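The structure appears right after this line, and notes come after that.
Letters A, B, ... are given to chains in the order of the sequence lines, protein chains preceding strands, and every chain is numbered from 1. Here the structure is a predicted model, which is why all the values come from computation and not from measurement.
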4 protein chains.
Amino acid sequence: MDGFAFSTDVRIRFAETDAQGIAHHASFVVWLEVARVGYLAAHAGGYQAIRDGGVEALTTEVCVRYHAAAYFDETLTVGARCRDVRGARFRYEYRLERDGELVADGYTLHATVDRKTYRPTRVPAWLADAVARAEAPGE
Amino acid sequence: MDGFAFSTDVRIRFAETDAQGIAHHASFVVWLEVARVGYLAAHAGGYQAIRDGGVEALTTEVCVRYHAAAYFDETLTVGARCRDVRGARFRYEYRLERDGELVADGYTLHATVDRKTYRPTRVPAWLADAVARAEAPGE
Amino acid sequence: MDGFAFSTDVRIRFAETDAQGIAHHASFVVWLEVARVGYLAAHAGGYQAIRDGGVEALTTEVCVRYHAAAYFDETLTVGARCRDVRGARFRYEYRLERDGELVADGYTLHATVDRKTYRPTRVPAWLADAVARAEAPGE
Amino acid sequence: MDGFAFSTDVRIRFAETDAQGIAHHASFVVWLEVARVGYLAAHAGGYQAIRDGGVEALTTEVCVRYHAAAYFDETLTVGARCRDVRGARFRYEYRLERDGELVADGYTLHATVDRKTYRPTRVPAWLADAVARAEAPGE
């Protein structure tokens, strides 16, 4: 997806719909996570590599704007890019499309903590470097 | 909860936790909905009354800020208040506390649509009135 | 509920419904867990007490039979009883009712494991005793 | 997967894990549904075709046996086969594997109902035929 260093497809499950006949709005929050995990697998060795390095990434803020309803069995493309890695914090931005139509967009904020003490710890340099490479304009 | 026209308790389910050992961040989005539904039951005859009136309320935006981790079997109090009812739109604001400590806060935006055509339709007057009464300073 | 040592109410959340307009069948599996956790809180000091004792209870089998559809905002009563505590295994049985009408029933099987090694370990004697007391005919 | 007319992969999402550090047992019930939907897409024109034909398929029973814990980011292969199509009922059987190792198995029972009246109605002949072809020994 143009402007996003990573994108992945999600197929809407029946369990993710609700009695309005559409995908429930909380389902989108899970799809953002699926895209983040895919981004880290593609660009930074996977989320487990971060955990293995003794670091856990917490989600500190989630915002999603819904532009169109989405329905059972549709395939959405979720674009993700990572921004503003600084100190113990980073930010992801997302765009969800169905055949090029904007369905939702949003962002999440994250904080890295020591996996044992859960105290804030800087984003590991190798991870910040991997993100910088993934997000470099030339990519 | 001070400053909120409605509050309800949610007990964190094991299914709502994740492998970080905490309540998953998407669970909070569901709890906001539980509070909205409770608010409408307490102040406006219940969500089903809105649907029975031919109106569906869509969620158009969700934002949650997480201030502290929450854990299995804890009880959180979710305060909800309704703001800015105008035209076909309204806004809810939330505060989640554990024994008075701020755990999360956030807001959601909603649009009312005709239940058959899914086209925007004004918030019914009886509902806007019910919200105005619930949110009146003297209450 | 007659014949059940514990029962609790669950109110069906909108997020638990699906595009058939009914509660999604996977939601019931979560409600069984809510009843188990409530049972252990009422009769055995809570699930956390088991974990604090170094034991984790895994779910090894789940069966649910659905007898009637359930809908958003309905309140279901979930009865739970514990059976066949032997060695490292135990069994729960459930009945879900809406105003006395059978909506679903089922059972789950569980195995106790050491919390560190995840190897099977006998159900702690204090827990087996607590269950025996809760399930005693005179109760 | 040997003995199954359809199989699909699911990658375990972080939201599907729980505080035991493993995939929550209710997540498996959703994966069975993903496999059913995939089966119908591969062999019978998709679930939406059934709904478009005025029929809804309800789940009347779910049983899952868990043989091994599954973890975040693992890929499970879910095999599905359809059995015992008769009258208004049919049965699915499943096997979940991780690199050939049995992780879980189970079955679901279903009933076809008229989409408007929700009264039992025979499995449409075209659907029964499509299943018979998919499950034919020569396939």
* Asked: Heavy-atom distance under 4.5 Å to chain C: side chain of D:Arg115, backbone, both or neither?
  -> neither
* Below 4.5 Å, heavy atoms only, C-beta onward: do D:Tyr66 and C:Val62 meet side chain to side chain? -> yes
* Any sub-3.5 Å donor-acceptor pair from C:Gln20's side-chain atoms to D:Ala57's backbone N or O? -> yes
* Where on D:Tyr118 is there a heavy atom nearer than 4.5 Å to chain C: the side chain, the backbone, both, or neither? -> side chain
* How far does NE2 of D:His25 sit from OG1 of C:Thr60, to the nearest 0.5 angstrom? -> 10.5 Å
* **Spatial distance of atom OG1 (C:Thr59) from atom CG (D:Asp18) [nearest 0.5 Å]** => 8.5 Å
* Could you give the distance from CD (D:Glu61) to NE2 (C:His67), rounded to the nearest 0.5 Å? -> 8.0 Å
* Asked: Is C:Arg83 atom CZ crowded by more than 12 heavy atoms from other residues, nucleotides or ligands, each under 6.0 Å away?
  -> yes
* Who wins among D:Val29, D:Ile22, D:Val64 for the most heavy-atom pairs under 4.5 Å with chain C? -> D:Val64
